[in-house]
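Owing to the predicted nature of the structure, the values given are computational and were not obtained by experimental measurement.
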Amino acid sequence: MDFRPLHDRVLVRRVESDEKTAGGLIIPETAKEKPQEGEVVSVGSGARDDSGNRVEMDVKAGDRILFGKWSGTEVKLDGEELLIMKESDIMGVLS
C-alpha cells in the first residue's frame, strides 16, 4: 500500500529498543516501554502559512527522529504498526 500523509503530518516506523540493559539484564516484553525513536517513512507536502504559502517540512523520508512518549496516532498499514504525527510532535533529528 502506498500512503502519503497530508499537510504537516509524518508517517513514522518505531525503532525497537535493546532487549538487554547496560548491565546485561534481559528486559521481558511485558516490561518494555514503546520506543520514542523512529524512522520517517514518508512526509506530507507541508503546512500553509497565513498568506497561503507552503512551508517546507524540516524532516524527510529516512531521517531518524525522537518524539514524545504520547505523540502520534497508531495505525496498521500492510500488517505493520506505524505512527502518524504532526511535524511539531518531533523533538529532533538524530545524525
Side-chain angles (χ1 to χ4, degrees):
M1 174 183 289
D2 192 28
F3 179 84
R4 183 179 57 87
L6 297 177
H7 308 293
D8 63 339
R9 288 185 173 74
V10 180
L11 184 66
V12 176
R13 176 182 299 118
R14 286 187 194 268
V15 176
E16 291 303 318
S17 58
D18 292 336
E19 308 254 333
K20 290 184 180 181
T21 64
L25 297 174
I26 297 174
I27 304 169
E29 194 67 36
T30 55
K32 283 186 185 178
E33 287 190 16
K34 291 190 175 182
Q36 294 172 266
E37 182 179 333
E39 177 186 355
V40 175
V41 176
S42 64
V43 297
S45 55
R48 294 198 181 266
D49 62 14
D50 294 336
S51 307
N53 299 320
R54 190 167 305 280
V55 178
E56 278 191 47
M57 302 283 277
D58 287 329
V59 296
K60 62 186 179 310
D63 283 349
R64 287 183 66 104
I65 59 167
L66 293 177
F67 50 87
K69 191 172 200 169
W70 308 109
S71 298
T73 302
E74 293 183 354
V75 295
K76 198 170 215 177
L77 296 173
D78 289 339
E80 182 178 15
E81 289 187 17
L82 302 168
L83 287 169
I84 297 175
M85 66 181 67
K86 287 187 159 248
E87 184 183 29
S88 59
D89 290 339
I90 298 172
M91 294 182 198
V93 178
L94 297 168
S95 55

ask   = Apart from Leu66 itself, what residues make up its hydrophobic cluster when side-chain heavy atoms of I, L, V, M, F, W and Y under 4.5 Å apart count as a link, directly or indirectly?
value = Leu94

note = Value for CE (Met57) from OG (Ser45), rounded to nearest 0.5 Å, stands at 8.0 Å

inquiry  = I need the full list of salt bridge (charged side-chain N to carboxylate O under 4.0 Å, His left out) pairs touching residues 40-55, with sequence neighbours left out, sorted by first then second residue.
reply    = none

key: side chain to side chain donor-acceptor pair (under 3.5 Å) involving Glu80 - partner list, sequence neighbours excluded   = Arg13

query = Please, which pairs that meet side chain to side chain donor-acceptor pair (under 3.5 Å) have at least one residue in residues 56-67, sequence neighbours excluded?
reply = Glu37-Arg64, Lys60-Asp63

message = If I take atom CZ from residue Arg14 and atom CD from residue Gln36, how far apart are they, to the nearest 0.5 angstrom?
response = 8.5 Å

inquiry  = Do Met85 and Val93 land in one hydrophobic cluster if side-chain heavy atoms of ILVMFWY residues count as linked below 4.5 Å?
reply    = yes

ask   = Do Phe3 and Ile84 have side chains that get closer than 4.5 Å, going by heavy atoms?
value = yes

query = What pairs with Arg4 under side chain to side chain donor-acceptor pair (under 3.5 Å), at least two apart in sequence or on another chain?
reply = none

note = For Gly38 and Val15, the nearest pair of non-hydrogen atoms, with its separation, is CA-CG2, 3.6 Å

request  = Give me the other members of the hydrophobic cluster that Leu6 sits in, counting Ile, Leu, Val, Met, Phe, Trp and Tyr linked by side-chain heavy atoms under 4.5 Å, directly or via other members.
outcome  = none

inquiry  = On a heavy-atom basis, which atom in Ala61 and which in Val41 lie closest, and how many Å separate them?
reply    = CB-O, 3.4 Å

message = So which atom in Gly79 and which in Lys76 form the shortest heavy-atom distance, rounded to 0.1 Å?
response = O-CE, 3.9 Å

message = I need the minimum non-hydrogen distance between Leu83 and Ser71, along with the two atoms involved.
response = CD2-O, 4.1 Å

message = Rounded to the nearest 0.5 Å, what separates atom CG in Leu82 from atom CG in Leu77?
response = 5.5 Å

